[in-house]
Amino acid sequence: MLKLKHIAYSMLMLTSANALAADVLNHKSPYCGCCTEWTKHMQDAGFDVKEQLHEDMNPIKKKLGVTPELASCHTAEIDGYVFEGHIPADDIKAFLANPPKNAVGLAVPGMPMGSPGMEYGDKKDEYYVYAFNEKGQVFKYRHYEGNK
């Protein structure tokens, strides 16, 4: 009986690990280093990330429903959802595990210091992660305190 429990537990762990390894398509400029750092942050968190380079990000953002108010430097697609900017991987994991009703994605507008990919020493800006829907409605999803 103990062996059966061990096998069941092992299978559960493997299934959980595979569920975490979501495929990420990160659209970014070929000239943006902070976007590459965010890709590394996501890979370190267990995501499989492919980068697609674009000279002009505006058509991608428009196609995926990212408004100018939500815009940042890179735009990622995961499991049919849109993730704009320097969103912490843990927030993306929580969103994917339990997406808010009608939400199509998350966004961190701008490029706040201290967000993943925007680390600079111990400096951290206060920022919000927003969820948004197809109608352009936005609501606060997470809040991060700054230290300035």
Side-chain angles (χ1 to χ4, degrees), residues 9-148:
Y9 178 74
S10 296
M11 292 302 291
L12 177 64
M13 294 306 291
L14 284 172
T15 303
S16 297
N18 287 339
L20 235 175
D23 290 331
V24 178
L25 177 58
N26 189 25
H27 301 278
K28 66 180 270 312
S29 162
Y31 314 108
C32 189
C34 65
C35 299
T36 302
E37 290 302 313
W38 183 81
T39 291
K40 290 177 188 172
H41 166 75
M42 292 293 286
Q43 290 169 331
D44 290 347
F47 288 92
D48 182 19
V49 184
K50 177 184 173 195
E51 291 185 337
Q52 192 167 76
L53 305 179
H54 304 272
E55 290 291 329
D56 182 2
M57 287 293 298
N58 290 326
I60 298 295
K61 292 178 188 311
K62 186 173 182 176
K63 175 184 149 199
L64 295 174
V66 176
T67 63
E69 297 79 24
L70 295 175
S72 182
C73 49
H74 59 270
T75 307
E77 297 179 78
I78 308 170
D79 292 341
Y81 293 103
V82 178
F83 298 92
E84 177 70 12
H86 294 271
I87 305 163
D90 286 344
D91 292 344
I92 292 174
K93 289 177 185 178
F95 179 95
L96 292 172
N98 188 23
K101 186 177 181 184
N102 298 323
V104 296
L106 295 176
V108 171
M111 299 167 67
M113 192 69 61
S115 61
M118 290 295 299
E119 294 89 353
Y120 186 73
D122 65 348
K123 296 178 182 174
K124 295 183 190 298
D125 292 335
E126 176 183 29
Y127 69 95
Y128 287 92
V129 177
Y130 296 97
F132 62 99
N133 66 20
E134 288 180 340
K135 296 177 184 177
Q137 296 169 319
V138 175
F139 63 92
K140 293 175 185 172
Y141 185 77
R142 294 275 192 275
H143 175 249
Y144 289 89
E145 293 288 335
N147 64 5
K148 288 186 176 184

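Among residues two or more places apart in sequence or in another chain, the side chain to side chain contact (heavy atoms under 4.5 Å, CB included) test is passed with Val104 by Phe132, Glu134. Not counting sequence neighbours, Tyr128 has no partner by the side chain to side chain donor-acceptor pair (under 3.5 Å) test. With sequence neighbours left out, Tyr31 forms a side chain to side chain donor-acceptor pair (under 3.5 Å) with Glu55. Scanning for side chain to side chain donor-acceptor pair (under 3.5 Å) contacts around Asp91 gives Arg142, Tyr144, with sequence neighbours left out. Remark: Lys61 pairs with Glu84 by the salt bridge (Lys or Arg N to Asp or Glu O under 4.0 Å) rule, at least two apart or across chains. Under the side chain to side chain contact (heavy atoms under 4.5 Å, CB included) criterion, Leu25 pairs with His27, Lys50, Gln52, Glu77, not counting sequence neighbours. Qualifying side chain to side chain donor-acceptor pair (under 3.5 Å) partners for Glu126, counting only residues two or more places apart in sequence or in other chains: His143. For Lys40, the salt bridge (Lys or Arg N to Asp or Glu O under 4.0 Å) partners two or more places apart in sequence, or in a different chain, are Glu37. Listed by chain and number, the residues in a side chain to side chain contact (heavy atoms under 4.5 Å, CB included) with Pro109 are Leu70, Tyr130 (sequence neighbours excluded). Taking Pro99 as the reference, Tyr81, Phe95 meet the side chain to side chain contact (heavy atoms under 4.5 Å, CB included) condition, with sequence neighbours excluded.
Side-chain contact between Ile87 and Pro116: absent, with no pair of heavy atoms (C-beta onward) separated by less than 4.5 Å. His86 places a side-chain heavy atom less than 4.5 Å from the side chain of Cys34. When side chains are defined from C-beta on, Pro100 counts as touching Phe139, because their heavy atoms get closer than 4.5 Å. With contacts defined as side-chain heavy-atom distances shorter than 4.5 Å, the pair Cys73/Lys28 does not qualify. In this structure, the side chains of Asp23 and Ile78 stay at 4.5 Å or more apart for every pair of heavy atoms.
Evaluation of the ring-ring contact (aromatic ring centres under 6.0 Å, His included) test over residues 98-120, restricted to residues two or more places apart or in two chains, returns none.
Minimum heavy-atom separation, Tyr127 to Pro88: OH-CG, 3.5 Å. Considering every non-hydrogen atom in both Cys35 and His74, the closest pair reads SG-ND1, 3.4 Å. When all heavy atoms are compared, the tightest approach of Ser72 to Val108 is CB-O, 3.5 Å. Residues Val24 and Ala76 approach most closely at CG1-CB, 4.0 Å, considering heavy atoms.
Checked by atom type and distance alone, the side chain of Glu69 never pairs as donor or acceptor with a backbone atom of Thr67 at under 3.5 Å. Side chain of Lys93 to backbone of Ala45: a donor-acceptor contact under 3.5 angstrom is found.
His41 contributes atom NE2, which lies 14.0 Å from atom OG1 of Thr36 (distance to the nearest 0.5 angstrom). Here the OG atom belonging to Ser29 is positioned 10.0 Å from the CG atom belonging to Asp56, to the nearest 0.5 angstrom. Between the CG atom in Asn102 and the CG atom in Asn133 there is a gap of 6.5 Å [rounded to 0.5 Å]. Annotation: the span from Met111 atom CE to Met118 atom CE amounts to 4.0 Å, rounded to 0.5 Å.
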Under the side chain to side chain contact (heavy atoms under 4.5 Å, CB included) criterion, do Phe83 and Thr75 qualify, and how do the steps go? CA-CA 6 Å; Phe83 298 92; Thr75 307; over 6 Å; no
